[in-house]
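As structure tokens, the structure follows; a few thoughts come after it.
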Amino acid sequence: MEHIVTVQDAVTAFADWLEPTAAELDAVEAEMPTVRAEVDLLDAQILTLDRTPNELDTARLRRAQRRVLRERAALANVVFGRQSGGAA
């Protein structure tokens with residue numbers, strides 16, 4: 001029988017250089033509106049799992065889907081603007 005042993009250092013490794021950089025934190029913050037919109041869409045979808053959606057549910061789903069699309073487009077524009085240098 002082989003024993004499964006975790007390497008404690010690899011699992012709980014911590015060093016100052018393992019902290020997220022400012023650029024990584026900025027990227028996470030830039031993605032948060034998209035994440036919130038996707039969570040709202042998921043909430044709307046979960047509400048309709050066990051019942052037939054009524055008018056309000058349908059409107060909520062459409063509104064959440066539009067918000068997700070809007071936030072994804074805004075995020076893509078921000079990312080593209082960073083990569084191209086913002087020059088037109």
Side-chain angles (χ1 to χ4, degrees):
M1 175 180 216
E2 291 185 36
H3 295 284
I4 299 173
V5 180
T6 61
V7 180
Q8 189 68 23
D9 291 336
V11 174
T12 59
F14 178 78
D16 292 336
W17 55 270
L18 287 177
E19 292 291 317
T21 64
E24 291 170 333
L25 291 174
D26 289 342
V28 169
E29 185 146 340
E31 292 176 6
M32 281 309 295
T34 304
V35 171
R36 285 190 203 106
E38 290 174 345
V39 168
D40 289 343
L41 175 59
L42 186 60
D43 286 343
Q45 290 170 335
I46 288 171
L47 283 175
T48 61
L49 283 177
D50 61 346
R51 63 181 177 168
T52 303
N54 59 26
E55 264 186 65
L56 292 175
D57 294 333
T58 304
R60 183 176 185 205
L61 279 168
R62 276 185 300 191
R63 190 171 42 250
Q65 289 168 339
R66 284 193 308 264
R67 183 174 171 217
V68 166
L69 291 174
R70 187 173 53 246
E71 293 297 341
R72 284 182 182 172
L75 180 61
N77 289 335
V78 168
V79 171
F80 181 74
R82 285 185 193 157
Q83 291 175 351
S84 66

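Remember, predicted model here, so these are calculated numbers, not experimental data. Computation of the quantities below employed the complete heavy-atom set of this structure, encompassing side-chain atoms and omitting hydrogens, waters and symmetry-equivalent molecules.
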Listed by chain and number, what are the salt bridge (Lys or Arg N to Asp or Glu O under 4.0 Å) partners of R72, not counting sequence neighbours? E38
What residues form a salt bridge (Lys or Arg N to Asp or Glu O under 4.0 Å) with D43, not counting sequence neighbours? none
State whether the side chain of E31 and the backbone N or O of V28 hold a donor-acceptor pair below 3.5 Å, judged by distance alone. no
E24 to E19 - nearest heavy-atom pair and separation: OE1-O, 4.4 Å
Distance-minimising heavy-atom pair for N54 and D57: OD1-N, 2.8 Å
Taking a hydrophobic cluster as the set of Ile, Leu, Val, Met, Phe, Trp and Tyr residues connected by side-chain heavy atoms closer than 4.5 Å, whether directly or through intermediates, do V68 and L75 fall within one such cluster? no
Working to the nearest 0.5 Å, report the span between CG of L41 and CZ of R63. 12.0 Å
With sequence neighbours left out, the residues meeting side chain to side chain contact (heavy atoms under 4.5 Å, CB included) with L42 are Q45, I46
With side-chain contact (heavy atoms from CB on, under 4.5 Å) as the test, pick out the partner of D40 among Q65, R67, R60. R67
